[in-house]
Amino acid sequence: MAMAKPSFLLLLYLTIAVVVVLLLSAPATRPYRSHRRLKLRSSFSFSPSPPATAGSGAAHTIPFDPIISEIELRREDREWERAHYPEEKPAPGMESAPEWKEFGNAEDYINDEDHFNVTSRILLLFPKVDVAPTDGFITPEELAAWNLVQAQNDVMHRTKRDMKLHDKNRDGFVSFDEYERPSWAGRIDDNDSANDGVGWWNKDHFNASDIDGDGLLNLTEFNDFLHPSDSANPKLIYWLCEEEVRARDKDNDGKLNFQEFFNELFNLVQNHHEAPHESEEAPAKKLFSDLDQDKDGFLSAAELKPVIMNIHPSEHQYAKQQADYMISQADHDKDGRLSLSEMLENPYIFYNAIFSEDDYGFHDEFR
Ligand SMILES: *[C@@H]1O[C@H](CO)[C@@H](O)[C@H](O)[C@H]1NC(C)=O
Ligand SMILES: *[C@@H]1O[C@H](CO)[C@@H](O)[C@H](O)[C@H]1NC(C)=O
Ligand SMILES: *[C@@H]1O[C@H](CO)[C@@H](O)[C@H](O)[C@H]1NC(C)=O
Ligand SMILES: *[C@@H]1O[C@H](CO)[C@@H](O)[C@H](O)[C@H]1NC(C)=O
Ligand SMILES: [Ca+2]
Ligand SMILES: [Ca+2]
């Protein structure tokens with residue numbers, strides 16, 4: 001009988017183990033909750049990156065929900081403070097908190113349906129988006145307009161933060177001397193004549209952003225300076241075109257011939273990553289001659305204007321692309337717009353909008 005007890009215990013342990021394994025692997029009691037986990041973005045870069053061009057893969061997602069945006073910006077602000085003011089000690093009691101903790105807590109918060117209920121969020125947000133006109137449907141234009149406002153709020157928040165960094169004398173303006181260029185942009189006192197005041201973050205860029213010409217950038221002007229393609233300042237848009245010509249003008253004659261256009265810009269205008277293929281020469285020639293308004297066989301800065309937004313995508317385009325993508329994913333009855341019930345059936349489309357490269361497509365009149 002001495003043998004029976006251990007084998008009985010073994011059997012008991014085995015049974016317990018099997019039950020535990022079965023419990024752990026059982027489907028979640030609320031499968032709807034667990035099928036997606038909402039994510040916060042964590043890859044924001046704090047130093048101005050080299051100017052984004054189409055096809056650079058810099059897909060960025062605009063948060064649909066202002067609460068998500070606020071959580072992301074707060075988290076970003078804390079990282080920004082740590083990056084720029086590392087000597088400042090964290091508040092008492094916070095020293096031991098692991099870096100990831102705030103992030104983890106925020107993500108747990110938005111994934112806890114008792115606290116963050118996507119159904120009630122959509123019920124609340126729908127009437128704020130359905131405004132032009134208020135008819136129970138969200139059109140691509142309404143959703144794009146909503147996305148644009150969210151994007152502009154995010155951009156302005158970051159500009160205010162950067163303003164603190166660059167406005168050294170705290171007078172509310174950034175002078176050219178105060179502005180500290182990103183390190184990749186090279187030094188301003190380079191004797192390279194090609195770099196003499198021209199190029200990104202240089203004197204001509206600054207000047208074009210200075211709408212009233214007082215030599216200082218206020219918040220609006222500084223935001224334009226950081227985001228020329230989102231600016232309504234025609235001087236700055238023209239500067240962007242000039243800068244494209246300058247950067248692509250291999251023979252330095254101040255304008256673009258067909259080969260310079262084809263090798264350097266055509267793929268960006270078309271939003272392709274790869275260098276253009278020979279078979280694309282015919283459509284490229286057509287586009288070139290459509291753009292060449294004075295028919296002198298060259299493109300000037302002014303003639304690049306109709307396609308400059310394809311080369312440097314603006315928040316308008318991201319907002320529109322994201323709206324088109326969300327609608328294509330959630331529009332069950334294919335009427336081209338969203339009803340409240342279509343949004344409630346697919347809430348995660350609005351909370352985890354990841355859109356693939358294929359969904360970027362520019363609709364320009366020259367196609
Ligand atoms: C989420 O909100 C909806 C509508 O307000 C409600 O019916 C549902 O019970 C809520 N879910 C939870 C888990 O609170
Ligand atoms: C730039 O030029 C000045 C004078 O023209 C000269 O003194 C200086 O050493 C040069 N700097 C560089 C980095 O070549
Ligand atoms: C900047 O603009 C002012 C007038 O607004 C002009 O006098 C100055 O020469 C410009 N500087 C550059 C580098 O373009
Ligand atoms: C900045 O200056 C421009 C040009 O004078 C003006 O239109 C704009 O409203 C100003 N922005 C702010 C935030 O003061
Ligand atoms: Ca509507
Ligand atoms: Ca100014």
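Values below: every heavy atom of this structure, side chains too, minus hydrogens, waters and symmetry copies. Note that the numbering runs from 1 along the sequence shown for the chain. Each ligand, and each atom within it, is numbered from 1 in the order the structure gives.
By heavy-atom distance, the residue among Ile211, Asn233, Asn218 lying nearest atom 6 (C) of ligand 4 is Asn218. For atom 2 (O) of ligand 1, the candidate residues are Asn117, Thr119, Leu124, Asp112; the nearest heavy-atom contact is made by Asn117. One option in Asp214, Leu219, Leu217, Thr220 has a heavy atom closer to atom 9 (O) of ligand 4 than any other, and that option is Thr220.
Contact atoms of ligand 4 toward Asp212: 4 (C), 5 (O) (distance under 4.0 Å to a heavy atom of the residue). In the vicinity of Glu113, heavy-atom distances shorter than 4.0 Å reach the ligand 1 atoms 11 (N), 13 (C).
Ring planes of Phe116 and Tyr109: tilted class, angle from 30 to 60°. Aromatic ring orientation, His84 versus Trp80: tilted (interplanar angle from 30° to 60°).
One finds a salt bridge joining Glu76 and Arg158 here, because a Lys/Arg side-chain nitrogen approaches an Asp/Glu carboxylate oxygen to under 4.0 Å. A salt bridge is defined here as a Lys NZ or Arg NE, NH1 or NH2 lying under 4.0 Å from an Asp or Glu carboxylate O, and Arg161 with Asp77 meets this definition.
Counting only distance, with no hydrogens or angles, the side chain of Gln150 and the backbone of Phe64 share no donor-acceptor pair below 3.5 Å.
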